[in-house]
Chemist: 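Submitted below is the structure of interest, expressed as structure tokens.
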Amino acid sequence: MVAGALAGSFGPRSDAVVVLIFAVLAVATWLRELSYAYWAGCVTAVLSLLYDWFGQSPGGLLHTRLAGIAVGAVIGIAASWLVLPIRTSAAVRARTAAALAALTELLEADWHDGRAVHLARARFSHRVGQLAVTTAPLRILTAPPLPRALSVRRRRGVDALRAEAALRHCVEPVGDLATAATSAASTGSATSAVSSTSATSASAASATSAPGALADDPSLRGRRGEVAAHTLAVRRAIGRRPAPPGAPAAAPPAKTRPTGPQAAVAWEALAAIDAQLDVLTEVFGRPPIPPASHPAAATARP
């Protein structure tokens with residue numbers, strides 16, 4: 001509607017229309033990651049401006065396009081409901097696995113790179129929000145009492161809501177973890193900058209050990225590896241995929257806790273994430289056991 005109102009303000013072959021078309025396409029490319037509806041609306045606006053650039057009236061043509069979009073939406077909804085429906089449980093599994101993939105990116109990211117940490121955190125929060133949208137209808141279906149014949153479907157809906165709640169409870173500790181990692185990196189770099197002007201060697205030595213202390217802490221690195229391995233196990237359980245042959249065994253749990261306020265915050269955040277991963281393990285089970293590579297050798301007696 002805005003593009004249709006502005007279309008008459010420019011003449012045919014106007015350079016301003018070309019600039020505006022490319023600006024709208026840039027915005028459309030950015031918003032397409034959030035929803036395809038933004039992309040359809042921006043393309044409609046581009047077509048309106050393009051009709052004006054050719055000297056045509058966009059009114060009737062836009063009405064035809066909007067009608068086509070409405071008809072296509074109805075056909076798509078009918079096909080998804082009647083012809084090839086997508087189960088909500090499959091969508092929940094896919095969205096949960098996508099959120100866990102973003103969590104793995106955060107756990108395996110280089111904590112010296114604050115931008116990568118923040119991107120992984122934002123990606124995780126966004127995918128948890130997408131999972132909440134997927135499970136929204138299940139909250140309505142599981143609220144009223146259902147007959148016994150539908151109890152299995154109700155139980156599946158409750159499991160999906162438990163998975164969504166577990167990931168939602170991970171959002172805050174993930175934010176604390178990312179904040180601790182990035183603040184430690186920024187504090188370390190600021191401290192090293194101040195230490196360059198210091199006169200005493202003792203202060204310089206303590207400053208040079210500060211940068212990257214949280215990222216390079218061995219106990220905290222080991223705890224990150226444990227939670228990352230736990231996340232990978234849940235992802236394999238969701239996809240019903242066994243561990244590949246020759247996969248490394250799980251590392252022993254870290255026993256020593258790191259010192260320092262930021263390290264303590266990161267440790268508690270990892271513990272909270274690990275607890276929610278236990279909930280996801282209860283919902284999806286454990287990954288299947290890989291079959292024996294050599295059945296004859298496995299069954300042979302010594």
Side-chain angles (χ1 to χ4, degrees), residues 1-84 86 91 94-95 97-99 101-106 109-137 167-168 171 174-175 178-179 181-183 185-186 189-190:
M1 296 177 63
V2 175
L6 294 177
S9 303
F10 306 98
R13 305 297 192 274
S14 175
D15 296 336
V17 173
V18 176
V19 174
L20 190 58
I21 285 175
F22 280 101
V24 174
L25 285 177
V27 174
T29 304
W30 176 55
L31 294 177
R32 184 173 56 181
E33 299 295 330
L34 302 178
S35 175
Y36 187 79
Y38 295 117
W39 173 261
C42 290
V43 170
T44 303
V46 167
L47 290 177
S48 175
L49 296 171
L50 191 61
Y51 296 149
D52 183 51
W53 190 83
F54 283 111
Q56 301 177 1
S57 176
L61 297 174
L62 284 181
H63 293 161
T64 303
R65 173 171 173 78
L66 293 176
I69 292 176
V71 173
V74 172
I75 294 175
I77 293 174
S80 63
W81 282 0
L82 304 175
V83 180
L84 190 62
I86 299 176
R95 292 287 172 86
L103 178 59
T104 304
E105 292 180 13
L106 175 62
D110 182 8
W111 281 13
H112 296 94
D113 187 357
R115 183 176 179 272
V117 173
H118 281 300
L119 285 177
R121 173 191 178 182
R123 190 176 293 112
F124 174 76
S125 300
H126 175 66
R127 291 179 180 177
V128 172
Q130 289 182 325
L131 177 61
V133 173
T134 304
T135 57
L167 286 176
R168 181 161 33 87
V171 172
V174 163
T179 302
T182 54
S183 61
S186 61
S189 60

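All of these numbers come straight from a predicted model, not from anything done at the bench.
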Chemist: What pair of heavy atoms forms the shortest contact from Arg127 to Ala101, and how long is it?
Modeler: NH1-CB, 4.1 Å

Chemist: Rounded to the nearest 0.5 Å, how far apart are CG of Leu82 and CD1 of Ile77?
Modeler: 11.0 Å

Chemist: Are any side-chain N or O atoms of Arg121 and backbone N or O atoms of Ala178, one a donor and one an acceptor, separated by less than 3.5 Å?
Modeler: no

Chemist: Is there a side-chain contact between Val27 and Tyr38 in this structure, where contact means two heavy atoms from C-beta onward sitting under 4.5 Å apart?
Modeler: no

Chemist: What is the minimum heavy-atom distance between Ala91 and Thr134, and which atoms define it?
Modeler: CB-CG2, 3.8 Å

Chemist: Less than 4.5 Å apart, side chain to side chain, heavy atoms only: is that true for Arg95 and Thr135?
Modeler: no

Chemist: Below 4.5 Å, heavy atoms only, C-beta onward: do Arg115 and Leu119 meet side chain to side chain?
Modeler: yes

Chemist: Return the CG to OG1 distance between Asp113 and Thr182, rounded to the nearest 0.5 Å.
Modeler: 11.0 Å

Chemist: Do you know which two heavy atoms are closest between Val117 and Asp110, and how far apart they sit?
Modeler: CG2-O, 4.0 Å

Chemist: Rounded to the nearest 0.5 Å, how far apart are CZ of Phe124 and OG1 of Thr104?
Modeler: 10.0 Å

Chemist: Side chain of Arg32, backbone of Trp39: donor and acceptor closer than 3.5 Å?
Modeler: no

Chemist: With Ile69, which of Val74, Thr64, Thr44 fulfils side chain to side chain contact (heavy atoms under 4.5 Å, CB included)?
Modeler: Thr44

Chemist: Might you point out which heavy atoms bring Cys42 and Val24 nearest each other, and give the distance in Å?
Modeler: O-CG1, 3.5 Å

Chemist: Less than 4.5 Å apart, side chain to side chain, heavy atoms only: is that true for Val174 and Val128?
Modeler: no

